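None of the values given here were measured: they were computed from a predicted structure.
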Amino acid sequence: MPEGAISVAPLVCATVAVILTAGIGALRPRAAGPLAAIMAIITFGVALVAYSTGTAQIDVPWAPSLNLRLAFTFDGLAALYTLLASGIGIAVLVYSLRYLPLHLHHEDRSPAAGVRFYAFLLLFMAAMLGTVAAQDLILLFLFWDVTAIASYFLIGFDQFKPEARASALMAFLVTGVSSVLFIIAAAILYADYGTFSLPALIEQVEPGPRVTTAAALIAVAGLAKSAQVPLHFWLPRAMVAPTPVSAYLHSAAMVAAGVFLLGRM
């Protein structure tokens with residue numbers, strides 16, 4: 001394995017899990033759930049191996065003209081949240097193997113609808129793993145947005161229910177606005193320091209009103225994502241989602257993403 005590749009191994013594994021679950025599930029819907037759970041277990045195992053090897057990083061050009069790079073680091077903080085997201089994901093997916101067929105039967109829906117459910121759960125996991133390892137602000141922003149998109153479809157999984165659609169839209173708007181605040185903060189920092197690299201910014205930033213403004217915007221973005229008062233109003237409504245979604249997104253992953261952002265920045 002190339003040096004530093006272990007830093008993105010859990011992310012790659014989770015991404016492959018999404019593709020396999022969606023592809024095989026399209027052919028055999030009932031296989032989607034067990035496959036998703038197995039892939040989550042493999043992702044967790046890969047994360048443990050990565051953690052045992054110590055801090056690893058990879059940094060390659062992405063858009064050199066804009067000074068953007070595919071920079072990932074699997075350090076202690078990334079390892080903590082990677083193991084949290086994948087470990088809780090295993091429990092949620094295993095629980096879903098029994099819960100979701102009963103839920104679909106109760107709602108008189110086809111088992112094929114479960115493929116989308118499992119795929120979006122895994123997509124959220126992959127986005128979380130990318131978020132916690134990213135070392136470029138634009139890269140972090142992209143993964144951060146994917147978590148919002150995946151949560152929108154998961155909260156609104158019972159799309160025929162008006163309250164589910166409304167709750168999904170509210171959660172998406174609140175977390176989407178937080179993404180806008182984050183990208184504004186990134187633009188402010190780039191204008192002053194000419195880089196989106198998080199390690200470079202940590203070395204270069206100096207106290208001042210613009211840095212304080214950027215920090216405040218990032219703090220608000222994190223607080224909105226983690227549903228802290230007074231930006232918590234979307235979370236109770238989001239509980240209209242199926243139980244595994246609430247268990248994963250709102251107690252172990254999506255809320256943790258906001259806390260992670262504050263810790264990382």
Side-chain angles (χ1 to χ4, degrees), residues 11 62-63 65-72 77-78 81 85 120 123-156 164-202 204-205 208-238 241 245 248-250 253-265:
L11 170 61
W62 171 26
S65 60
L66 298 175
N67 199 21
L68 299 179
R69 306 184 68 84
L70 289 173
F72 296 93
L77 190 60
Y81 281 91
F120 276 114
L123 178 62
F124 190 94
M125 178 190 294
M128 271 292 296
L129 302 191
T131 298
V132 301
Q135 291 290 297
D136 180 275
L137 293 184
I138 300 301
L139 199 60
L140 200 160
F141 167 76
L142 293 176
F143 283 114
W144 179 275
D145 259 3
V146 173
T147 64
I149 294 169
S151 67
Y152 171 80
F153 286 103
L154 288 168
I155 295 170
R165 296 196 301 270
S167 298
L169 182 59
M170 175 180 287
F172 181 74
L173 289 176
V174 173
T175 56
V177 168
S178 74
S179 298
V180 174
L181 297 178
F182 179 82
I183 199 64
I184 292 173
I188 292 173
L189 294 172
Y190 182 80
D192 284 352
Y193 299 100
T195 181
F196 290 111
S197 170
L198 188 53
L201 287 170
I202 291 173
Q204 298 177 33
V205 290
R210 290 171 65 84
V211 171
T212 300
T213 300
L217 291 173
I218 291 170
V220 173
L223 293 174
K225 193 81 162 183
S226 58
Q228 302 300 310
V229 175
L231 302 172
H232 66 294
F233 54 87
W234 63 269
L235 184 58
R237 293 192 60 177
V245 174
Y248 192 37
L249 270 65
H250 307 143
M254 188 167 182
V255 171
V259 177
F260 165 81
L261 182 68
L262 297 179
R264 176 67 84 192
M265 299 299 292

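Ring orientation note: the planes of Phe260 and Tyr81 are nearly perpendicular, at an angle over 60° on the 30°/60° scale. Taking the six-membered ring where the residue is Trp, Phe143 and Phe72 present perpendicular rings, their angle passing 60° and hence far from 30°.
The heavy-atom pair separating Thr147 from Met128 by the smallest distance is CG2-N, 4.1 Å. Here the closest non-hydrogen pair linking Ala133 and Ala78 is CA-CB, 4.3 Å. Shown here for Leu181 and Leu217, the closest heavy-atom pair between the two residues is O-CB, 3.7 Å. For the pair Ser197 and Asp136, the tightest heavy-atom approach, listed with the atom from each and the gap, is N-OD2, 4.3 Å. Of all the heavy atoms in Leu139 and Arg69, the pair that sits closest is CD2-O, 4.1 Å. Contact between Ile155 and Ala171 at its shortest, heavy atoms only, is CD1-CB, 3.7 Å.
Taking 4.5 Å as the limit, some side-chain heavy atom of Leu140 sits within range of a side-chain heavy atom of Phe182. Counting heavy atoms from C-beta on, the side chains of Ile183 and Trp144 never come closer than 4.5 Å. Counting heavy atoms from C-beta outward, Val146 and Thr131 have side chains that stay 4.5 Å or more apart. No side-chain heavy atom of Leu77 sits under 4.5 Å from any side-chain heavy atom of Val132.
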Please walk me through it: do Tyr190 and Leu201 pass side chain to side chain contact (heavy atoms under 4.5 Å, CB included)?
-> CA-CA 9 Å; Tyr190 182 80; Leu201 287 170; over 6 Å; no
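Remark: side-chain polar atoms of Tyr248 are paired, donor with acceptor, to backbone N or O of Ala85 under 3.5 angstrom. A distance-only check finds no donor-acceptor pair linking the side chain of Trp234 to the backbone of Thr175 [under 3.5 Å]. Distance alone, capped at 3.5 Å, places no donor-acceptor pair between the Ser167 side chain and the Ala164 backbone.
Atoms CG and CZ, from Leu249 and Phe124 in turn, are 4.0 Å apart once rounded to the nearest 0.5 Å. For the atom pair Arg165 CZ and Leu169 CG, the distance stands at 10.5 Å (nearest 0.5 Å). Expressed to the nearest 0.5 Å, how far CG of Leu189 lies from CD of Gln204 amounts to 10.5 Å.
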